[in-house]
K.L.:
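Here it is, the structure, as structure tokens.
Just so we're on the same page: letters track the sequence lines, and every chain starts at 1. Only this structure's heavy atoms are used, side chains among them; waters, hydrogens and symmetry mates stay out.
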Protein chains: 2
Amino acid sequence: MVSRTSDLTPDATLLKSFLILAEELNFRRTAERLAIDQSALSRRIKKLESLLDYKLLERTTRDVALTAAGQELCKGLTPVLTDYAHSVEAARRVAEGKTGRVRVAYMAFAATEMVPQTVARFQQQYPDIDLELRYIRTQGQKMALANDEIDLGYMIGPFDNAEYHSLQLADERLYVVTPKNHALLRKHTLSPRDLKDEKLVLGDMEEWGEYRWKLEDVFSQHGMRLSPALEATNTLALIGLVAAGLGITIYPESLLNFLGRRVEARPVVHPDFRSKTVLVWKRSNRSRAVLNFVEVSRHLQVRG
Amino acid sequence: MVSRTSDLTPDATLLKSFLILAEELNFRRTAERLAIDQSALSRRIKKLESLLDYKLLERTTRDVALTAAGQELCKGLTPVLTDYAHSVEAARRVAEGKTGRVRVAYMAFAATEMVPQTVARFQQQYPDIDLELRYIRTQGQKMALANDEIDLGYMIGPFDNAEYHSLQLADERLYVVTPKNHALLRKHTLSPRDLKDEKLVLGDMEEWGEYRWKLEDVFSQHGMRLSPALEATNTLALIGLVAAGLGITIYPESLLNFLGRRVEARPVVHPDFRSKTVLVWKRSNRSRAVLNFVEVSRHLQVRG
DNA sequence: TTCGATTAATGCATATTACGCATTTATAAA
DNA sequence: TTTATAAATGCGTAATATGCATTAATCGAA
């Protein structure tokens, strides 16, 4: 199945033969156009007529003319065949991922750069795809993927599951965020143990979700407890609390530009103090459009 | 080709198989509905996919699901196939003469009873036929038939031509029309020689056309000249002239009811003094609707 | 009228295609 | 692991479509 021309649309051969004959009103010429023997065309028409059980053409050896029924069928069939071809092509565009719908969820860390850039590039490359974006935190994305409510999720990784593909797109440092003039700022880079006695201000479970679990994990691995002096339900409020000197917090690199000027940040240089962002989708999701989105995302990752 | 069910519409088998499978999402059940082997269905779908060059269904041995392209095709194809079926059936109605157009011309002698009765019956029997009626004199009808501007003509006969069918529908006496108290009225029936010395008032060539030629012919066969004392361009005027005593004229039986009360009529009893009305159509016109009209006309003739 | 040219239809052998049956392969439940 | 069930595949056969050669019909020119 190599060549694919519009006349390959399945099995309208009889009808198309008839329509061309209705145009030419000459069996020999029509057969030539169809690249078949004249006798084959003759039989095709005969077969069509016997299937329909009414005559489409009056023919002598000299003249060929449409019957009234033939005219009617010709008139009715022409739009049907073009609609048919259009349906087939529309489906082909979907198959090729040029049309259709892609539902993408993202969490905060991907929202600042990764998602905007990918979306911009994707829409430029596939302008006819209906792209649906939703902000959902990592946990919710897992549910949504399982329920087929979304096709793709940018979530906090890692995520390893036999039913899903997972593509790591970022692996960024975590930063300690402090008020201005904080003692920790004297060093340009920090190590985990520098955090030992610091008071922490964290987003609550509702707000931080998976990130919070991740931090708990990292801290415990380093013999520390992630016991917040304060919890905030809102990011702006949280930064405000830090700025006011009520404690420090921990942010991924991608959000540093959104901290404002009342706080400072220093990287924690340690393999555990990193946050991975992964793009996840179901293995069973064979949608070409979805895979195209993944490809666009993958290519941008190199740059980012 | 005896049975004719809607699923006989030529060669949409692959598409229909796909649509039913899209409904059932189960090869075995679908194959049952199609009354073929499951393997055949499997191959049909495979063939359809290879023709289209994209997958329509994701299938494991356990689950069958439409791909996005499959959904799209299914959505687009459903109306296409119903339109297709409708086109075929519309053409069938034309083929059966239940739909379509019949263009009928008639001349005066048929206008009073024959055409109205036939039209009434025909429209009752074939309400969806678009019936076009035109008043055209015999000569014009012959032109119109030749040029395919009309399908049928009620004309003054006889009309014998190898390319046309001709059906005689009436053979009526000619009547002499006189003013009241005219000498000829003393006899209840006339013979041709009674007309020998009468002054004639006739329609002119434009108005009477073929009828006028016919009268010339009849008169000459009986050794008389058809030399009108007056010619009228209008029927009403003509009757007026007769009533005023300026001469007599000759009318077919079918028009007697339209003479008014100022004139009287007597039949000329002679085989030559008759007017035949024939219904004529091209042999090459195979339109079922036209033939149906002829049949209706033929049956009414018996009554008339 | 006859002959030549042209057209659609048909007989026949062949190639292609579709099908059913039997079997295999894959998956979910027990 | 076994069992049951579903879709896919190998293979032989039947149905179908095609091309070539020929026939039958019709028009136009000699």
Side-chain angles (χ1 to χ4, degrees), chain A residues 1-3 7-52 55-67 70 146 162-163 282-284 286, chain B residues 1-3 7-52 55-67 70 146 162-163 282-284 286:
Chain A
M1 200 47 45
V2 171
S3 82
D7 53 41
L8 256 186
T9 32
D11 248 355
T13 38
L14 288 186
L15 304 177
K16 282 184 185 159
S17 302
F18 165 63
L19 285 186
I20 295 182
L21 180 56
E23 218 178 88
E24 294 278 358
L25 293 177
N26 177 301
F27 278 72
R28 183 185 49 75
R29 279 201 305 277
T30 304
E32 262 172 39
R33 276 181 63 178
L34 292 170
I36 58 170
D37 193 86
Q38 171 266 127
S39 66
L41 175 63
S42 183
R43 278 185 266 256
R44 281 188 188 176
I45 300 301
K46 186 186 280 190
K47 181 180 180 194
L48 182 56
E49 287 178 323
S50 89
L51 283 172
L52 294 171
K55 277 194 104 80
L56 296 170
L57 299 134
E58 285 299 335
R59 38 204 191 273
T60 66
T61 56
R62 217 63 195 177
D63 283 301
V64 176
L66 285 169
T67 63
E163 294 205 0
K282 261 194 178 171
R283 277 188 200 282
S284 64
R286 294 276 201 300
Chain B
M1 203 47 45
V2 171
S3 80
D7 52 41
L8 253 185
T9 34
D11 247 356
T13 37
L14 288 186
L15 305 177
K16 284 185 183 157
S17 303
F18 166 62
L19 285 186
I20 296 183
L21 179 57
E23 218 177 88
E24 295 279 359
L25 293 177
N26 177 302
F27 277 72
R28 183 185 49 76
R29 279 201 305 277
T30 303
E32 261 171 37
R33 276 180 63 178
L34 293 170
I36 58 170
D37 192 87
Q38 171 265 127
S39 66
L41 175 63
S42 181
R43 277 184 266 256
R44 280 188 189 176
I45 299 301
K46 186 185 278 190
K47 181 180 179 193
L48 181 57
E49 287 178 325
S50 90
L51 283 172
L52 294 170
K55 278 193 105 79
L56 296 169
L57 299 133
E58 285 299 336
R59 38 204 189 273
T60 67
T61 57
R62 216 65 193 175
D63 282 302
V64 176
L66 285 168
T67 63
E163 294 205 358
K282 262 193 178 171
R283 276 188 200 282
S284 64
R286 293 276 201 299

K.L.:
Look at the side chain of A:Ile36 and decide which nucleotide, out of D:dG19, C:dA9, D:dA8, has an atom nearest to it.
P.N.:
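Given the options D:dG19, C:dA9, D:dA8, the side chain of A:Ile36 is closest to D:dG19.
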
K.L.:
State, to the nearest 10°, the angle formed by the axis through the first five base pairs of the helix from C:dT1-D:dA30 to C:dA30-D:dT1 and the axis through its last five.
P.N.:
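Result, rounded to 10 degrees: 20°.
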
K.L.:
For nucleotides 22-30 of chain C, just jot down a letter per nucleotide in 5' to 3' order: B, S or -, based on protein non-hydrogen atoms under 4.0 Å.
P.N.:
----BBS--

K.L.:
Mind checking what makes side-chain contact (heavy atoms from CB on, under 4.5 Å) contact with A:Glu58, not counting sequence neighbours?
P.N.:
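By the side-chain contact (heavy atoms from CB on, under 4.5 Å) rule, A:Glu58 matches A:Lys55, A:Thr67, B:Arg286.
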
K.L.:
Can you name the residues that form a salt bridge (charged side-chain N to carboxylate O under 4.0 Å, His left out) with A:Glu24, not counting sequence neighbours?
P.N.:
A:Arg29, A:Arg33

K.L.:
Search all heavy atoms of A:Leu25 against all heavy atoms of A:Ala65 and return the closest pair with its distance.
P.N.:
CD2-CA, 4.2 Å

K.L.:
Under the salt bridge (charged side-chain N to carboxylate O under 4.0 Å, His left out) rule, what pairs show up with a residue in residues 34-45 of chain B, not counting sequence neighbours?
P.N.:
none

K.L.:
What is the separation between atom NZ on A:Lys46 and atom C1' on D:dT16, rounded to the nearest whole Å?
P.N.:
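Roughly 15 Å, once rounded to whole Å.
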
K.L.:
Can you check the B:Ile45 CD1 to C:dC19 P distance for me, whole Å?
P.N.:
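Value for this atom pair: 11 Å.
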
K.L.:
Sequence neighbours left out, what passes side-chain contact (heavy atoms from CB on, under 4.5 Å) with B:Arg59? Give chain and number order.
P.N.:
B:Phe27, B:Ile45, B:Glu49, B:Leu57, B:Val64

K.L.:
Counting side-chain heavy atoms from CB outward, which of D:dT9, D:dA7, C:dT7 is closest to B:Arg43?
P.N.:
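Shortest atom-to-atom distance from the side chain points to D:dT9.
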
K.L.:
For the side chain of A:Ala40, counting heavy atoms from C-beta on, which of D:dT18, C:dA9, C:dA8 is nearest?
P.N.:
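That would be D:dT18.
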
K.L.:
Starting from C1' on D:dA17, measure out to CG on A:Leu51 and report it in whole angstrom.
P.N.:
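In whole Å, D:dA17 C1' and A:Leu51 CG are 14 Å from each other.
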
K.L.:
In this structure, how many angstroms lie between the P atom of D:dA24 and the CZ atom of A:Phe27, rounded?
P.N.:
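Rounding to the nearest Å, CZ of A:Phe27 and P of D:dA24 are 19 Å apart.
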
K.L.:
For A:Leu52 and A:Leu56, work out which heavy atoms get closest and say how close.
P.N.:
CD1-CD1, 3.9 Å

K.L.:
Would you say B:Arg44 reaches C:dC19's phosphate, i.e. side-chain N/O to OP1/OP2 under 4.0 Å?
P.N.:
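For C:dC19, OP1/OP2 do have a side-chain N/O of B:Arg44 under 4.0 Å.
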
K.L.:
From CG of B:Leu57 over to C1' of D:dA7, roughly how many Å is that when rounded to an integer?
P.N.:
12 Å

K.L.:
Starting at atom CZ of A:Arg28, determine the distance to atom P of C:dA9, rounded to an integer number of angstrom.
P.N.:
14 Å

K.L.:
Residues in side-chain contact (heavy atoms from CB on, under 4.5 Å) with A:Arg62, at least two apart?
P.N.:
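Only A:Thr60 meet the side-chain contact (heavy atoms from CB on, under 4.5 Å) criterion with A:Arg62.
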
K.L.:
For the side chain of A:Lys47, starting at C-beta, report the closest nucleotide among D:dA17, C:dC19, C:dA9.
P.N.:
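When the side chain of A:Lys47 is considered, D:dA17 is the closest of D:dA17, C:dC19, C:dA9.
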
K.L.:
Grab the two heavy atoms, one from A:Ser17 and one from A:Leu34, that are nearest each other, plus how far apart they are.
P.N.:
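Reported closest heavy-atom pair: OG-CD1, 3.6 Å.
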
K.L.:
Whole-Å distance between C:dG20 C1' and B:Leu34 CG?
P.N.:
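So the two atoms are 15 Å apart, to the nearest Å.
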
K.L.:
Below 4.0 angstrom from OP1 or OP2 of D:dA8, is there any side-chain N or O of B:Arg59?
P.N.:
yes

K.L.:
In whole angstrom, give the distance that lies between atom CD of B:Glu24 and atom P of D:dA6.
P.N.:
12 Å

K.L.:
Tell me whether B:Lys282 contacts the main-chain N or O of B:Ala146 through its side chain, where contact means a donor paired with an acceptor under 3.5 Å.
P.N.:
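Indeed, once roles are kept as given, a pair shorter than 3.5 Å links the two residues.
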
